[in-house]
S.K.: 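Below are the structure tokens for one structure; questions will follow.
Numbered from 1 within each chain, the chains take letters A, B, ... in sequence-line order.
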Amino acid sequence: MAEDVFKKLVAHCKEYGFVFQSSEIYDGLGAVYDYGQNGVELKNNIKKYWWDSMVMLNENIVGIDSAIFMHPTIWKASGHVDAFNDPLIDNKDSKKRYRADVLIEEQLAKIEEKINKEVEKAAKRFGDAFDEAQFRSTNARVLEHQEKWDALHNRFAKALNDGNLEELRQIIVDEEIVCPISGTRNWTEVRQFNLMFSTEMGSTSDGALKIYLRPETAQGIFVNYLNVQKTGRMKLPFGIAQIGKAFRNEIVARQFIFRMREFEQMEMQFFVKPGTELDWFEKWKTTRMSWHQSLGFGAENYRFHVHEKLAHYANAAVDVEYKFPFGFKEVEGIHSRTDFDLSQHQQYSGKKIQYFDTEKNESYVPFVVETSIGVDRMFLQVLSASYKEEEVSDASGQKDTRVVLSLPPQLAPVKMAVMPLVKKDGLPEKAREIIDDLKFDFNCMYDEKDSIGKRYRRMDAIGTPFCVTVDHQTLEDNTVTIRYRDTMEQDRVEISKLRAIIAEAVSMKSLFAKLK
RNA sequence: GCGGGAGUAGCUCAGUCGAUAGAGCAUUAGCCUUCCAAGCUAAGGGUCGCGGGUUUGAAUCCCGUCUCCCGCUCCA
């Protein structure tokens with residue numbers, strides 16, 4: 001049922017110009033999507049709401065826009081080169097995928113366990129007189145196991161170093177490692193999975209530098225920490241915000257725009273004094289949740305999900321999850337990243353990346369609290385929350401379904417449609433006049449085709465909050481009807497009042513006022 | 001990558017036993033002028049995902065291939 005709604009939402013996105021499959025006329029490109037004429041407006045509005053809530057509302061947060069291409073050593077320092085180059089292998093019977101290196105490491109651990117058991121047994125037997133070191137270096141069984149371990153370890157280390165995938169598979173075959181699910185040894189080839197896309201910079205192939213497309217925007221902030229801190233005369237605590245594209249070569253990238261290979265992030269890295277990071281972590285948890293809930297989609301549809309397993313750089317992590325039609329899913333991550341990133345860059349670059357604290361009279365590497373939200377996920381979240389199919393009945397009592405996007409007016413792609421009731425008697429000209437006056441303030445749309453009811457429904461489908469209709473009375477007294485998307489009710493107002501009415505509704509001020 | 005499902009007009013789909021490519025909606029033009037979809041007339045729009053095979057003849061049967069959707073991992 002809920003999945004069904006999601007399917008309809010995806011179809012709606014295409015039909016009304018929100019999201020298109022990338023390269024569709026060439027059969028599409030997997031897990032890549034384009035935003036259409038309405039999608040780009042909605043997306044821009046979401047970004048503006050985020051950006052202003054960070055940069056405009058906080059005097060200690062500034063923005064940057066760093067390049068997607070960065071020095072390759074950055075990804076060494078960040079851990080992405082090593083942490084996300086996994087050799088993968090599948091078991092053909094259980095259909096389960098494993099990291100080949102982990103399978104071999106587990107095999108090594110098994111041998112160690114055997115040795116430890118021998119040692120334990122001996123310890124029991126000899127009691128206090130037991131000399132573990134001597135036992136380990138002389139016992140025949142232990143030595144035998146140890147020899148096996150050393151041989152396997154050497155072979156494994158060499159294969160990893162050489163990037164020899166065939167050898168890795170051969171080790172798994174030779175060691176007779178079985179899949180814990182199926183218990184079989186029916187393995188596929190080992191394939192290298194690279195999280196990061198790479199390309200080459202430089203025009204000649206031999207002198208070219210291997211460049212990665214960034215898998216997160218955060219590093220562009222970290223490597224500019226000194227620039228911004230110095231030129232902006234920033235004092236701790238302060239934040240740097242950035243909106244930008246990131247790229248990940250996902251193995252399985254699906255669920256529409258929820259997981260894409262090219263996606264956009266809105267990240268804010270907040271630099272704090274060491275020791276205060278967990279307080280700030282809590283503060284940003286609250287702030288970010290209130291940002292989400294200000295949109296009015298229902299507090300019950302959000303929750304925090306605390307990470308049990310932490311990434312290599314974090315000492316606390318939580319996700320903001322939203323109840324999508326396909327379940328609670330992560331929209332935003334809040335991480336306490338410690339001083340990991342800045343320290344790594346300090347080490348790899350050889351530049352001192354520190355903050356001089358005038359109170360303490362000492363320098364230190366600041367700690368970082370990150371808030372990182374996926375624009376595309378936020379986009380999908382907003383649409384999921386707004387997409388509604390309503391039962392309405394027409395004048396003759398006929399039942400009918402109205403599809404409406406009840407978008408917050410601040411985010412709606414089109415703010416106002418102006419339509420002449422009929423396509424003659426000077427009504428179209430009058431409608432154009434109204435648009436010409438308001439088009440500098442709001443995204444307006446003109447529509448004169450089909451019956452007025454049909455035009456209202458078209459506007460409902462893209463979430464336009466206001467429809468203004470010009471009728472014959474308009475020509476006499478300069479009043480129009482304004483029709484509200486959510487209630488379908490109408491008021492007759494003076495044309496001169498339109499600007500104020502719409503401005504009030506679409507200004508982000510009312511959203512900002514709800515933020516904690 | 002593996003398994004399952006699907007691919008015919010912009011959308012939703014029909015297409016019988018292998019014999020001229022169809023409908024509704026949408027689009028465009030015209031008529032009608034009406035405040036909540038579906039009035040009238042006409043027009044445009046198709047390499048039937050792609051390639052090959054069988055056949056006098058393939059959207060239909062066979063093989064291959066591509067793409068999308070659903071599951072299996074990770075994440076924003």
S.K.: Are the charged groups of A:Arg432 and A:Glu429 less than 4.0 angstrom apart, N to O?
M.R.: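 Here A:Arg432 does not pair with A:Glu429 in a salt bridge, since their nearest N and O are not under 4.0 Å apart.
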S.K.: Between A:Glu216 and A:Lys449, which residue's closest nucleotide on RNA chain B lies nearer the 5′ terminus?
M.R.: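 Looking at RNA chain B, the more 5' nearest nucleotide goes with A:Lys449.
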S.K.: In whole angstrom, give me the gap between the P atoms of B:G7 and B:A14.
M.R.: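 Roughly 8 Å separates the two P atoms.
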S.K.: For the aromatic rings, using the six-membered ring if either is Trp, is the centroid distance between A:Phe324 and A:Phe258 under 6.0 Å?
M.R.: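 That pair passes the under 6.0 Å test.
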S.K.: Given atom CZ of A:Arg259 and atom P of B:C69, what is their separation to the nearest angstrom?
M.R.: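 To the nearest whole Å, that distance equals 13 Å.
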S.K.: Just the rounded figure in Å: distance from P of B:A76 to CZ of A:Phe263.
M.R.: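 It is 8 Å, rounded to the nearest whole Å.
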S.K.: Would you say the base of B:C36 and the side-chain of A:Asp460 have a donor-acceptor pair closer than 3.5 Å?
M.R.: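 Between B:C36 and A:Asp460, which were checked side chain against base, a qualifying N/O pair under 3.5 Å is absent.
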S.K.: For the backbone of A:Asp450 and the side chain of A:Arg455, can you confirm whether one donor and one acceptor N or O come within less than 3.5 Å of each other?
M.R.: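 It does hold such a pair.
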S.K.: Any idea which of B:U33, B:A37, B:A76 is nearest the A:Lys424 side chain?
M.R.: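 Nucleotide nearest to A:Lys424's side chain: B:U33.
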S.K.: When rounded to the nearest Å, what value does the distance between C1' atoms of B:U47 and B:A58 take?
M.R.: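 14 Å, rounded to whole Å.
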S.K.: Rounded to the Å, how far apart are A:Asp471 CG and B:C36 P?
M.R.: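 Answer to the nearest Å: 13 Å.
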S.K.: To the nearest angstrom, how far is A:Phe18 atom CZ from B:C11 atom P?
M.R.: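 So the two atoms are 18 Å apart, to the nearest Å.
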S.K.: Tell me, do A:Trp280 and A:Ser336 make a side-chain contact under 4.5 Å, heavy atoms counted?
M.R.: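 In short, these two side chains do not touch, never coming nearer than 4.5 Å.
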S.K.: I want to confirm an ordering. Mapping A:Val331 and A:Val422 to their closest nucleotides on RNA chain B, which one lands closer to the 5' end?
M.R.: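 The residue whose closest nucleotide sits nearer the 5' end is A:Val422.
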S.K.: Please say whether the positively charged group of A:Lys8, taken as NZ for Lys or CZ for Arg, lies over the ring of A:Tyr387, i.e. under 6.0 angstrom from the six-membered ring centre and within 45 degrees of the axis.
M.R.: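 No - A:Lys8 does not lie over the ring of A:Tyr387 by the 6.0 Å and 45° rule.
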S.K.: Work out how far the C1' atom of B:U20 is from that of B:C72, and round it to whole angstrom.
M.R.: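 Pairwise C1' distance, B:U20 against B:C72, rounds to 48 Å.
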S.K.: State the pairing partner of B:C72; accept Watson-Crick or G-U wobble contacts with both distances under 3.5 Å, and report none otherwise.
M.R.: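 B:C72 is paired with B:G1.
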S.K.: Measuring from the side chain of A:Met488 (C-beta onward, heavy atoms only), which nucleotide among B:C36, B:C35, B:A76 has the closest atom?
M.R.: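 Looking only at side-chain atoms, A:Met488 lies closest to B:C36.
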S.K.: Let's see if you can work this out: which of B:C75, B:C35, B:U27 has an atom nearest to the side-chain heavy atoms of A:Asp450?
M.R.: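 The nucleotide sitting nearest to the side chain is B:U27.
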S.K.: Do A:Gln490 and B:C35 share a donor-acceptor pair, side chain to base, under 3.5 Å?
M.R.: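 Such a pair exists between side chain and base.
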S.K.: Name the closest nucleotide to the A:Thr481 side chain, picking from B:C35, B:C68, B:A76.
M.R.: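 Minimum distance to the A:Thr481 side chain belongs to B:C35.
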S.K.: Taking atom P of B:C32 as reference, at what distance in whole Å does atom CD1 of A:Ile452 sit?
M.R.: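 From A:Ile452 CD1 to B:C32 P: 19 Å.
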S.K.: Could you tell me whether A:Asp376 contacts a base, only the sugar-phosphate backbone, or nothing, with contacts defined as non-hydrogen atoms closer than 4.0 Å?
M.R.: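 Answer is nothing: A:Asp376 stays at 4.0 Å or more from every strand.
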S.K.: Contact class for A:Ser372 (heavy atom, under 4.0 Å): base, sugar-phosphate, or nothing?
M.R.: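 It contacts sugar-phosphate atoms only.
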S.K.: At under 4.0 Å, does any side-chain N or O of A:Lys329 touch on OP1 or OP2 of B:A76?
M.R.: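 No, outside the criterion.
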S.K.: Rounding to the closest angstrom, what is the interatomic distance between B:G30 and B:A21 at atom C1'?
M.R.: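 Per the computed distance, 28 Å lies between those C1' atoms.
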S.K.: Which of these passes side chain to side chain contact (heavy atoms under 4.5 Å, CB included) with A:Val19: A:Asn38, A:Val10, A:Leu9, A:Ile257?
M.R.: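 Between A:Val19 and the candidates, side chain to side chain contact (heavy atoms under 4.5 Å, CB included) is satisfied uniquely by A:Ile257.
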S.K.: For A:Tyr322, which contact category applies under a 4.0 Å heavy-atom criterion: base, sugar-phosphate, or nothing?
M.R.: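 Nothing, no nucleic acid heavy atom in range.
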S.K.: Do A:Arg248 and B:C74 share a donor-acceptor pair, side chain to base, under 3.5 Å?
M.R.: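 Not at all, since no donor on one side and acceptor on the other fall under 3.5 Å apart.
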S.K.: For A:Asp425 and B:U33, give me the distance from atom CG to atom C1', rounded to whole Å.
M.R.: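 Value for this atom pair: 9 Å.
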S.K.: Only pairs with both distances under 3.5 Å count, Watson-Crick or wobble alike; so what is the partner of B:G24 in this structure?
M.R.: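 WC or wobble partner is B:C11.
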S.K.: Give a yes/no on whether any side-chain N or O of A:Ser451 is located under 4.0 angstrom from OP1 or OP2 of B:U33.
M.R.: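 The answer is no; no side-chain N or O of A:Ser451 sits under 4.0 Å from OP1 or OP2.
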S.K.: Compare the minimum distances between each of B:A26, B:A76, B:C35 and the side chain of A:Gln265, then state the nucleotide with the smallest one.
M.R.: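 Closest of the options to the side chain of A:Gln265: B:A76.
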S.K.: NA contact type, A:Leu421, heavy-atom cut-off 4.0 Å: base, sugar-phosphate, or nothing?
M.R.: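 It contacts base atoms.
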S.K.: Nearest-Å distance, CG (A:Leu380) to P (B:A76)?
M.R.: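 The distance from CG of A:Leu380 to P of B:A76 comes to 17 Å, rounded to the nearest Å.
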S.K.: Going by modelled atom types, is there a donor-acceptor pair between the base of B:C35 and the side chain of A:Arg455 at under 3.5 Å?
M.R.: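 No, no donor-acceptor pair under 3.5 Å.
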S.K.: Under 4.0 Å between a side-chain N or O of A:Arg457 and OP1 or OP2 of B:C25?
M.R.: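 So the side-chain polar atoms of A:Arg457 never come under 4.0 Å of the phosphate oxygens OP1 or OP2 of B:C25.
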S.K.: Side chain of A:Lys423 only, please: which of B:U33, B:C36, B:A76 is the nearest?
M.R.: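 Of all the options, the side chain of A:Lys423 is nearest to B:U33.
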S.K.: Can you tell me how far C1' in B:U8 sits from the matching atom in B:U60, rounded to whole Å?
M.R.: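 Here B:U8 and B:U60 have their C1' atoms 11 Å from each other.
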S.K.: So what's B:G51 paired with, Watson-Crick or G-U wobble, going by both distances under 3.5 Å?
M.R.: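 Looking at the geometry, B:G51 pairs with B:C63.
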S.K.: Taking atom C1' in both B:A37 and B:G1, compute the distance separating them and give it to the nearest angstrom.
M.R.: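 Nearest-Å result for B:A37 against B:G1 at atom C1': 46 Å.
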S.K.: Nearest-Å distance, CD (A:Glu448) to C1' (B:U27)?
M.R.: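 Taking atom C1' of B:U27 as the reference, CD of A:Glu448 is at 15 Å.
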S.K.: Say we look at B:G44 and B:G53: how far apart would their C1' atoms be, to the nearest angstrom?
M.R.: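 Per the computed distance, 36 Å lies between those C1' atoms.
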S.K.: Is A:Lys415 reaching over with its side chain to a backbone N or O of A:Ala412, donor-acceptor style, under 3.5 angstrom?
M.R.: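 Yes: the side chain of A:Lys415 pairs with the backbone of A:Ala412.
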S.K.: Could you give the distance separating B:A42 and B:C32 at their C1' atoms, to the nearest angstrom?
M.R.: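 My reading of the C1' atoms in B:C32 and B:A42 gives 15 Å.
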S.K.: Strictly distance-based, threshold 3.5 Å: is any side-chain N or O of A:Thr217 a donor or acceptor partner for the main-chain N or O of A:Gly244?
M.R.: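 Checked: no pair found.
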